[in-house]
Engineer: 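Before I ask anything, here is the structure I am working with.
Numbering of residues begins at 1 and proceeds along the displayed sequence. From a predicted model like this one, the values you see are computed outputs, not experimental measurements.
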Amino acid sequence: VHHHIPVLLFVLNNGGYIGEGGHMAYTAEQRDRTAQGICIDFKNPEVDYSSIARGCGAYTEGPIEDPAALGPAIARAVKVVKEQSTIAVIDVKVG
């Protein structure tokens with residue numbers, strides 16, 4: 001039997017590394033360089049974080065696009081984490 005540290009993770013899925021892109025744009029500006037083309041967008045296909053997490057053995061919910069679906073998804077994931085002492089990932093589409 002495999003035991004995991006029970007944890008619930010949220011992926012705030014904005015379709016790319018926008019946070020990293022913001023840092024890169026700031027750094028480019030500070031160095032007086034162009035920031036054009038430095039951000040990364042994942043499209044065609046988009047990254048399926050739920051499938052990746054499931055492939056690693058996690059319980060998953062999502063991707064969730066409807067805000068009304070988030071509460072029930074969290075409740076299900078918390079229940080699984082508590083009952084199975086496992087890892088759960090909730091993929092929430094943002095932005």
Side-chain angles (χ1 to χ4, degrees):
V1 175
H2 296 285
H3 296 282
H4 298 101
I5 296 172
V7 65
L8 174 58
L9 301 169
F10 291 84
V11 174
L12 301 180
N13 184 351
N14 61 10
Y17 291 131
I18 303 305
E20 180 66 15
H23 172 71
M24 292 167 56
Y26 171 80
T27 301
E29 181 181 316
Q30 295 302 308
R31 295 180 180 169
D32 208 20
R33 297 179 183 160
T34 181
Q36 185 176 356
I38 62 171
C39 295
I40 300 169
D41 275 338
F42 295 118
K43 300 196 188 286
N44 300 324
E46 291 184 359
V47 176
D48 186 343
Y49 294 104
S50 290
S51 290
I52 293 169
R54 227 177 356 267
C56 294
Y59 171 84
T60 64
E61 289 276 348
I64 296 172
E65 298 185 41
D66 178 5
L70 185 56
I74 292 171
R76 288 188 299 270
V78 166
K79 184 174 190 243
V80 169
V81 167
K82 285 182 176 181
E83 291 177 357
Q84 299 179 21
S85 187
T86 192
I87 299 166
V89 175
I90 299 178
D91 178 359
V92 183
K93 296 285 257 183
V94 296

Engineer: Indicate the atoms forming the closest heavy-atom contact of A73 with I90, along with that distance.
Structural biologist: O-CD1, 4.0 Å

Engineer: Would you kindly confirm whether V80 and L9 end up in one hydrophobic cluster when ILVMFWY residues are joined by side chain heavy atoms under 4.5 Å apart?
Structural biologist: no

Engineer: What's the separation between atom NZ in K93 and atom CG in L12, rounded to the nearest 0.5 Å?
Structural biologist: 12.0 Å

Engineer: Are Y59 and V7 connected into the same hydrophobic cluster when the rule is that any two of I, L, V, M, F, W, Y join if their side-chain heavy atoms are below 4.5 Å apart?
Structural biologist: no

Engineer: Mind checking what makes side-chain contact (heavy atoms from CB on, under 4.5 Å) contact with D32, not counting sequence neighbours?
Structural biologist: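 Partners of D32 under the side-chain contact (heavy atoms from CB on, under 4.5 Å) test: none.
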
Engineer: As an exercise, state the distance from CZ of R54 to CG of D48, rounded to the nearest 0.5 Å.
Structural biologist: 6.5 Å

Engineer: Grab the two heavy atoms, one from L8 and one from A77, that are nearest each other, plus how far apart they are.
Structural biologist: CD1-CB, 3.7 Å

Engineer: Sort out for me which residue in V81, I87, T86 forms a side chain to side chain contact (heavy atoms under 4.5 Å, CB included) with P6.
Structural biologist: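 Per the side chain to side chain contact (heavy atoms under 4.5 Å, CB included) rule, the option paired with P6 is V81, out of V81, I87, T86.
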
Engineer: Within a strict 4.5 Å, meaning less than it, do heavy atoms of the L70 and I74 side chains meet?
Structural biologist: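 They are in contact (side-chain heavy atoms under 4.5 Å apart), so the answer is yes.
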
Engineer: Using the test side-chain contact (heavy atoms from CB on, under 4.5 Å), find all partners of V11 that sit at least two apart in sequence or belong to another chain.
Structural biologist: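 For V11 the side-chain contact (heavy atoms from CB on, under 4.5 Å) partners, ignoring immediate neighbours, are N13, Y49, V89, D91.
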
Engineer: Do V78 and V92 sit in one hydrophobic cluster, given that two such residues count as connected whenever their side-chain heavy atoms are within less than 4.5 Å of each other, even indirectly?
Structural biologist: yes

